[in-house]
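In what follows, every chain begins at residue 1, and chains take the letters A, B, ... in the order their sequences are listed. Keep in mind it's a predicted model, so treat the numbers as computed, not measured.
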2 protein chains.
Amino acid sequence: MPRPRAFDEESVLDNAMNIFWSKGFEATSIQDLVNETGLNRASMYASFGDKKALFLRVLDHYSQKISAERFADLRNIEDGRAAIEKTFRDAAKTGTAEGRHKGCLMVNSGMELAPHDPETAAIAHQAFRRAEDTFAAALNRAIGQGKIAKGKNVRALARFLAGSFQGVQLMSRRGADQETLTDYCETILAALD
Amino acid sequence: MPRPRAFDEESVLDNAMNIFWSKGFEATSIQDLVNETGLNRASMYASFGDKKALFLRVLDHYSQKISAERFADLRNIEDGRAAIEKTFRDAAKTGTAEGRHKGCLMVNSGMELAPHDPETAAIAHQAFRRAEDTFAAALNRAIGQGKIAKGKNVRALARFLAGSFQGVQLMSRRGADQETLTDYCETILAALD
DNA sequence: CGTACTTTGGAACGAATGTTCTGTAATTGC
DNA sequence: GCAATTACAGAACATTCGTTCCAAAGTACG
């Protein structure tokens, strides 16, 4: 019965995500979102609620689309050590390659909003926890495969890797040069020995 | 001849710094600054210029007052290895202790503004470079003292430590619990072996 | 004392903010 | 083809934003 939507919800979320990712929450205006998504103001509010609600939708979208992809190798590569190494080296490469240095939306948002917004804090915390677990799984694989010495504190090492991975995103967004980022990553990986 | 100022420039910068530190640049309004510093709008603009100019003054103030203090031990403790260890452990402690998790203003600002503001990017870059050099000096002391093995790539290790130190600030601001932060720091320090 | 000079308090500015309202367009079931 | 329902387009809303202006207030030298 009703008039059908003239927009694709997923592509709207994609566009909105890119703006929030690039500019941050506060610096992104509704006008920016309207301009970039092509979506009308009224339709935006009707479909997603207010700015904050849209932002939370975007965070979720980011998790499923971007984060999932960034950690795909870490999950899927059977060789646990190789998985960890590829994850970091890819991050260092894309972190300096992409024209705009945007870092990671989850890290950015955690920094900008978490201290004053419990909702975002919870989401960012949960994302970090998931990364930590994924690293822990890869570490356990690597230890089982004899690629990493036994007797290490896996939980602590996983926290170290997850934290350091955030550090890569941070340095990338701040505009660190490739040499610095490479040095940083290789030293992290050397800590596995 | 003129009417004397009714405010102390340093304490105004202190107050302004704390607001920017806590809320970030975009989320801090002039009204916030007026309320918190007690300074009048007109006096603010007359003394510091616009919001951005005040912010840059605040960044400088932060460097001299807070950053300098955070790296004082790293510079002054003769034992290079002990200096590095104390720097990280102190950061982990204060990072979870202070009621509000504010992280490091320089890191926060680098994340929020550097991608779109060359001035802030340059300042943050320079600050990172200074931290890197300070870590390198401590590493060289430690190597000379036999506390760290020779033959390491000091520059890469210094970049690792400087990057990881930013990581501590990041995790602290995001509200990481003390256990996670401790694991993270101790694993970083273990990488010196 | 008065004049030169600067700070101070607070009103005022236009522009931009997030949000809502009003009317018009488009589609499906009857 | 009419009625019901939803989406669209864009004007309109009050509020807040960063910034400027103006008159009153305070001090030091003549």
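- Here the C1' atom of nucleotide C:dA16 and the NZ atom of A:Lys51 are 12 Å apart, to the nearest Å.
- Nearest to the side chain of B:Ala42, among D:dA9, C:dT8, C:dT19, sits C:dT8.
- Applying the 4.0 Å criterion to OP1 and OP2 of D:dC17, one finds that B:Ser29 has a side-chain N or O inside that range.
- Atom pair A:Lys23:NZ and C:dA16:P shows a separation of 13 Å (rounding to whole Å applied).
- Rounded to an integer number of Å, the gap from CE of A:Met44 to P of D:dA9 is 14 Å.
- A distance of 6.0 Å or more separates the ring centres of A:Phe165 and A:Phe128.
- The aromatic rings of A:Tyr184 and B:Phe160 are tilted relative to each other, their planes meeting at an angle between 30° and 60°.
- Residue A:Leu54 holds its CG atom at 7.0 Å from CG of A:Leu13, rounded to the nearest 0.5 Å.
- Rounded to whole Å, the distance from CG on B:Leu54 to P on D:dT19 is 10 Å.
- Of the listed nucleotides (C:dT8, D:dA9, C:dT19), C:dT8 has the atom at the smallest distance from the side chain of B:Leu39.
- Spacing between atom CG of B:Asp8 and atom C1' of C:dT7 amounts to 15 Å, rounded to whole angstrom units.
- Atom-to-atom, CD of B:Glu9 to P of C:dT7 comes out at 11 Å; the value is rounded to the nearest Å.
- What separates CG of A:Asn40 from C1' of C:dG23 is a distance of 13 Å, to the nearest Å.
- Regarding B:Asp50, its CG atom lies at a distance of 22 Å from the P atom of C:dC13, rounded to whole Å.
- Side-chain atoms of A:Asp117 do not come within 3.5 Å of backbone N or O of A:Leu113 as any donor-acceptor pair.
- Within the 4.0 Å cut-off from OP1 or OP2 of C:dT7, not a single side-chain nitrogen or oxygen of B:Ser43 is found.
- When distances are taken from the side chain of A:Arg5 to each of C:dG18, D:dC8, C:dT8, the shortest belongs to D:dC8.
- No hydrogens or angles were tested; on distance alone, a donor-acceptor pair under 3.5 Å links the side chain of B:Arg41 to the base of D:dT19.
- Side-chain polar atoms of A:Thr96 and A:His101 form no donor-acceptor pair below 3.5 angstrom.
- Considering only the side chain of A:Ala6, D:dC8 comes nearest among C:dT19, D:dC8, D:dC17.
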